[in-house]
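Beneath this line is the structure, given in structure tokens, with notes to follow.
One-based numbering, in listed order, for ligands and for the atoms of each.
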Amino acid sequence: MHLTERETAWLAGNAGPAIRRAMEIVVALGKIYGAARLIPVASVQISGVSYRNIGAAGLDFLRRWAEEGARVRVPTTLNPTAMDMQAWRAQGFDPAFAAKQREVVAVFARMGVGGGRPIPTCTPYLIGNTPAPGEHIAWAESSAVSYANSVLGARSNREGGPGAIAAALTGRTGAYGLHLDAARRATLRAEVTAPLHSIPDFSALGAIVGRAASKRAPYFEGLPLAKGENLWQEKLKALGAAMAATGAVALYHVAGVTPEAATPAILAPDHETLVVDDLTPGYARLNDAAASVDLVWIGCPHASLAEIALAAEAVQGRRLRAPLWITCARPVKDATAAQGLAAEIEAAGGRIIADACIAIAPVKELGFACVATPSAKGAFYLRNLAGVAAHFGTLEQCIAAAVTGKWEGKKTGRSA
Ligand code: F3S
């Protein structure tokens with residue numbers, strides 16, 4: 001692999017041990033994936049932030065790197081933590097766990113992440129970190145990578161935890177995979193004839209196509225969606241997140257909507273075709289048998305203000321029996337307070353949670369055995385990461401579950 005003089009010096013340790021370690025990771029990954037050279041990245045997004053997931057060993061690894069002088073070289077943002085960094089007590093977190101989680105974020109802050117004041121979120125693009133079309137970035141959160149590649153037209157592979165930190169410290173990543181034109185062609189054509197009425201319907205569609213696509217880039221035709229219409233970004237956010245979770249899809253194209261869909265020959269001539277005429281399997285596969293619902297979780301990926309407004313409308317005049325947690329980035333939480341949406345949610349018994357992802361929280365330890373969500377990705381990870389039972393349904397079904405504490409069948413309703 002070709003390295004510049006500067007990169008060679010970093011790898012030799014001339015700029016200290018922190019950057020040498022980072023260069024070793026970037027170069028090793030580049031060699032594994034056949035990169036001919038490194039390329040500069042405009043921004044980085046780091047995952048592996050939950051103390052529940054990284055534990056004492058992960059925190060120690062980060063601490064040592066920071067003590068060696070690790071400092072980010074490009075604008076870098078942070079994925080969600082396990083808890084609301086301010087309101088964790090009200091969520092029921094143990095102070096000992098909270099102290100460790102706070103330390104993880106503090107170490108990233110010392111490295112310069114978020115300019116020293118990180119805002120943990122999986123939707124950095126909703127709070128101003130919006131890469132330009134064609135820009136090379138190194139993001140780690142799979143749903144954010146999908147959104148950046150597909151909706152924004154930026155270029156990122158799905159970075160792992162240490163790989164993303166290494167990219168942040170060097171400002172480099174290997175020129176391979178989705179940074180190159182060849183990997184951006186679609187090899188699966190998804191012809192959608194099923195009616196789609198809501199954001200969760202797009203999530204259910206993503207669950208079906210993600211499973212079939214695996215790592216391939218799908219090209220969607222027939223989606224009832226126009227760029228700029230109400231909730232178009234939220235629908236694509238849900239679609240991409242579900243495909244990233246149920247498959248390993250990091251890029252998709254939507255005819256007439258996403259920026260690269262009109263690129264000549266973007267659909268490979270030898271593509272396969274998948275016809276989706278029914279969303280039922282997308283919902284049904286992510287529903288467990290448990291009848292009781294202990295928690296309803298909205299905001300996977302982190303909710304936009306518009307999504308929270310939909311939830312506020314849905315809970316109006318209702319009294320919730322099961323807790324309702326809506327996760328979002330802190331600036332979005334602040335906006336919900338300013339606009340009175342937080343008060344409407346709280347009046348029904350719900351709560352807006354900043355900074356956190358419930359799938360990477362110690363859900364069982366918090367006393368929840370079954371969680372309902374209108375997100376296929378959320379249900380997938382609740383089962384596979386948090387190890388609890390899950391229900392995936394429409395917003396209407398999820399709010400009904402919060403009111404009664406029960407899941408009412410597997411119907412696919414027509415809510416927003
Ligand atoms: Fe975000 Fe967690 Fe969902 S990181 S995409 S809220 S699983």
Can you check whether Ile54 reaches Val104 side chain to side chain, under 4.5 Å on heavy atoms?
yes
Evaluate the side-chain proximity of Leu62 to Ile165: yes if any heavy-atom separation is below 4.5 Å, no if none is.
yes
Taking the six-membered ring where the residue is Trp, are the ring centres of Phe108 and Trp65 under 6.0 Å apart?
no
Would you mind listing which atoms of ligand 1 come within a distance below 4.0 Å of any non-hydrogen atom of Ser143?
5 (S)
Is atom 3 (Fe) of ligand 1 less than 2.8 Å from an N/O/S atom of Cys300, whether that atom is in the backbone or a side chain?
yes
Report, as yes or no, whether the 6.0 Å neighbourhood of atom CZ on Arg64 holds more than 12 heavy atoms from other residues, nucleotides or ligands.
yes
Using a 4.0 Å cut-off to any heavy atom of Glu141, which atoms of ligand 1 qualify?
4 (S), 5 (S)
With the threshold set at under 4.0 angstrom, would you say Ala241 reaches ligand 1 through any of its heavy atoms?
no
Flag Cys122 as yes if one of its N/O/S atoms falls below 2.8 Å of atom 2 (Fe) of ligand 1, otherwise no.
no
Have Ser304 and Glu234 got a donor and an acceptor in their side chains that come within less than 3.5 Å?
yes
Ignoring hydrogens and geometry, is there a side-chain-to-backbone donor-acceptor pair from Ser146 to Ala244 under 3.5 Å?
no
Any Trp297 heavy atom less than 4.0 Å to ligand 1:
yes
Subset of ligand 1 atoms that lie under 4.0 Å from at least one heavy atom of Lys377:
5 (S), 7 (S)
Atom 2 (Fe) of ligand 1 sits nearest the protein heavy atom Cys357 SG, 2.3 Å
